[in-house]
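What follows is a set of notes on a single structure, which appears directly below.
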Amino acid sequence: MTTPPFDDNPFRSPGYAPPAPMPPVPGQQPIPHWFTTTVRITLVACVVAALGLGALGALGIYWVDHSGPPSNGDCLYLTREGAGKLAYHRVGCTANNATYKVENTYRGAIACASGDYVRFRLGSGTGQTLCLALNVKAGDCLRDVDDESTIGKVSCTDPAAQERVEILSGFGRDDKCEGADEVFSYSGPPSRTVCLIKTGENI
């Protein structure tokens, strides 16, 4: 004696057998499963793209606007994101937080010209290299000058002000920056030497 298969429908009449599956109609293609080869390829492409973006983030490359990468003359400020990597934020050059100006852009991993530029890479391989110079003028006062991501312009009467800016024409004129705490030289154009002098001295 065999045990009949379990049937969870109490209203089904005894001896009921489910109908046999319909045979395929000649010439008609079967309905494909949703996880087709095309779907698999699409999923793989999405995973690869996500991993690629993750790799960019690991390198400290963060796109913060959709108008393309910065070009010569653009101004921006930097912030420190995950894993201590830097991100750029484009702003108008007259904005108080416009602490850097893009002085030169290069395609690929190119060294900046002579000077104290902040070198910022956008991507790897054939990605761009930005050479950033301090966006300051004579008489500006700065705070947090030792960190590219927190340096900022403040009023010279602000207690947070640490350095006052003096600018000399010409490259590498460190010896002319009397009493300077720090000196930044940029080959330009224009070629210049930026002297940072402690606030309260010779103002």
Side-chain angles (χ1 to χ4, degrees), residues 42-137 140-156 158-165 167 180-189 192-199:
T42 304
L43 288 174
V44 169
C46 291
V47 170
V48 169
L51 291 175
L53 289 174
L56 291 181
L59 290 171
I61 298 140
Y62 297 89
W63 299 96
V64 296
D65 59 39
H66 301 286
S67 55
S71 54
N72 290 1
D74 284 347
C75 290
L76 43 85
Y77 66 93
L78 304 176
T79 56
R80 205 166 293 280
E81 306 294 329
K85 305 302 180 180
L86 290 174
Y88 75 82
H89 305 261
R90 187 164 15 199
V91 291
C93 288
T94 58
N96 204 45
N97 59 349
T99 47
Y100 288 99
K101 179 177 281 190
V102 180
E103 192 142 298
N104 291 294
T105 59
Y106 301 99
R107 187 149 186 85
I110 305 296
C112 292
S114 298
D116 298 302
Y117 294 99
V118 174
R119 185 169 175 265
F120 195 91
R121 290 294 315 285
L122 299 178
S124 57
T126 58
Q128 282 188 311
T129 297
L130 308 180
C131 298
L132 311 180
L134 279 174
N135 177 44
V136 291
K137 64 183 185 300
D140 282 346
C141 285
L142 304 173
R143 59 166 172 75
D144 300 329
V145 295
D146 294 324
D147 188 338
E148 298 96 337
S149 66
T150 58
I151 186 172
K153 301 175 192 176
V154 293
S155 167
C156 290
D158 190 316
Q162 296 173 312
E163 310 284 352
R164 178 175 47 84
V165 175
I167 299 179
D181 242 10
E182 292 191 58
V183 178
F184 297 90
S185 288
Y186 302 109
S187 53
R192 64 208 184 276
T193 300
V194 177
C195 315
L196 300 185
I197 301 169
K198 277 194 177 300
T199 54

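Please read all numbers here as calculations on a predicted model, not as lab measurements.
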| task | Might you work through the side-chain contact (heavy atoms from CB on, under 4.5 Å) test for Leu122 and Tyr88, ending with a clear yes or no? | result | CA-CA 10 Å; Leu122 299 178; Tyr88 75 82; 3.6 Å; yes
| message | Under the rule for side-chain contact (heavy atoms from CB on, under 4.5 Å), what residues qualify as partners of Cys75, not counting sequence neighbours? | response | Cys93, Ala98, Lys101, Asn135
| task | Kindly write out the residues that satisfy side-chain contact (heavy atoms from CB on, under 4.5 Å) with Thr79, not counting sequence neighbours, or none if the list is empty. | result | Tyr77, Glu81, Ala87, His89
| task | Please assess Val165 against Leu134 for the test side-chain contact (heavy atoms from CB on, under 4.5 Å), listing each intermediate value before the final yes or no. | result | CA-CA 10 Å; Val165 175; Leu134 279 174; over 6 Å; no
Using modelled atom types and a 3.5 Å cut-off, is there a donor and acceptor pairing between side-chain atoms of [X] and backbone atoms of [Y]?
X      : Y      : value
Asp147 : Asp144 : no
Asp140 : Lys137 : yes
Thr199 : Ala161 : yes
Tyr117 : Ser187 : yes
Arg80  : Glu148 : no

| query | side chain to side chain donor-acceptor pair (under 3.5 Å) with Asn97: which residues, sequence neighbours excluded? | reply | none
Do [X] and [Y] touch side chain to side chain, with heavy atoms closer than 4.5 Å?
X      : Y      : answer
Lys198 : Gln162 : no
Lys153 : Leu142 : yes
Ser185 : Val194 : no
Asp158 : Arg143 : no

How many angstroms lie between atom [atom1] of [X] and atom [atom2] of [Y], to the nearest 0.5 angstrom?
X      : Y      : atom1 : atom2 : answer
Asp146 : Asp181 : CG    : CG    : 9.0 Å
Asp74  : Leu130 : CG    : CG    : 9.0 Å
Ser149 : Leu86  : OG    : CG    : 6.0 Å
Phe184 : Ile167 : CZ    : CD1   : 12.0 Å

Test item: side-chain donor near acceptor, [X] and [Y], under 3.5 Å:
X      : Y      : value
Arg121 : Thr129 : yes
Tyr106 : Gln128 : no
Thr105 : Asn72  : yes

| request: Could you give me the CA-CA distance, side-chain angles and deciding distance for Tyr100 and Leu78, then say whether side-chain contact (heavy atoms from CB on, under 4.5 Å) is met? | output: CA-CA 8 Å; Tyr100 288 99; Leu78 304 176; 4.1 Å; yes
| message | Could you check whether Arg192 pairs with Glu103 (Lys NZ or Arg NE/NH1/NH2 to Asp/Glu carboxylate O, under 4.0 Å)? | response | yes
| query | When you look at Ile110 and Arg119, which way does the side-chain contact (heavy atoms from CB on, under 4.5 Å) test go after all the steps? | reply | CA-CA 9 Å; Ile110 305 296; Arg119 185 169 175 265; 5.7 Å; no
